[in-house]
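All ligand and atom numbering here is 1-based and tracks the order in the structure.
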Amino acid sequence: GCGSVLNVNGEVEMDASIMSGKDLSSGAVSAVRCIANPIKLARLVMEKTPHCFLTDRGAAEFAAAMGVREVPREQLVTERSRKRLEKEKHCKSAPKPEPQKHLGTVGAVALDSKGDVAYATSTGGIVNKMVGRVGDSPCIGSGGYADNDIGAISTTGHGESILKVNLARLTLFHVEQGKTLEEAAEVSLGYMKSKLKGLGGVILVNKAGDWAVKWTSESMPWAAAQAGKLHCGIDLNATSITDLDLL
Ligand code: ASP
């Protein structure tokens, strides 16, 4: 929502998806513009329609029908995101842009007390993207996946690479084949890097409460809460653990 990265026209265009591992129910939206929390709209698609995915005008009409408040588009554009776009536009001289530096995705995975897992992924995409460009985040199997029998995963990174390898489902496939969450993440991210030079990151959780965080991009801000402890980090090999009671 507010502060999303901007497309080439300086507009916010967002994608989001959500899935429940209990029954594989899922909902997604893409190219939505005047909504503060696209992930809530994705959830409404999951819960209130017989469909999985609504886009653009249809998604906007559905949001209005559900009573989701429309936000004036300028309200979602921040000074920071405007500067980021300007910088990107002026960086054309760079021989090869590093896409992982210009992304803005928020992802979550969860395991609840009933043993159900779920994921949610929401993004503005890639700064300076073409109007109408849809990335991996709203695509079930790429931007995330959840199945109680395997686990839940949310992904981030270079959308075009993530789509091509179906990063979320690919990682869970490796889990199904007997790898640990950590090993599975390493193998699938490694595959994406060697095949496409695509960089990204994943967070995963399974029914047993095991979780893993892995990325091949330069850094990835992440946090995990389990058994009263908050684990978090941004850079490789720099994890801090705090007692949740102390916060
Ligand atoms: N994966 C997103 C996209 O390509 C960007 C990101 O993860 O930040 O749309």
Evaluate [X] for polar contact with ligand 1, using N/O atom pairs at a separation under 3.5 Å.
{"X": "T105", "value": "yes"}
{"X": "D15", "value": "no"}
{"X": "G159", "value": "yes"}

* If you measure from the Lys or Arg side-chain nitrogens to the Asp or Glu carboxylate oxygens, is any gap between R57 and E61 under 4.0 Å? -> yes
* Asked: Which option out of V106, T123, D136, I162 puts a heavy atom nearest to atom 3 (C) of ligand 1?
  -> D136
* To do: Between M14, R133, M220, K129, flag the one that comes closest to atom 4 (O) of ligand 1 by a heavy atom.
  => R133
* According to the interplanar angle, ranging from 0 to 90°, do the rings of W211 and H231 count as parallel (below 30°), tilted (30 to 60°) or perpendicular (above 60°)? -> perpendicular
With a cut-off of 4.0 Å, which atoms of ligand 1 are near a heavy atom of [X]?
{"X": "S137", "answer": "1 (N), 2 (C)"}
{"X": "I126", "answer": "4 (O)"}
{"X": "G125", "answer": "5 (C), 9 (O)"}
{"X": "G104", "answer": "8 (O)"}
{"X": "T156", "answer": "6 (C), 7 (O), 8 (O)"}

Is the side chain of [X] donor-acceptor paired with the backbone N or O of [Y] at a distance under 3.5 Å, no angle test?
{"X": "T171", "Y": "R169", "value": "no"}
{"X": "N9", "Y": "E11", "value": "no"}
{"X": "D112", "Y": "V117", "value": "no"}

* To do: Could you identify which residues cluster with V8, counting Ile, Leu, Val, Met, Phe, Trp and Tyr as linked when any side-chain heavy atoms lie under 4.5 Å apart, either directly or through a chain of such contacts?
  => V131
* Structure fact -> The side-chain hydrogen bond (donor to acceptor under 3.5 Å, both in side chains) partner of E13 among R33, R73, R133 is R33
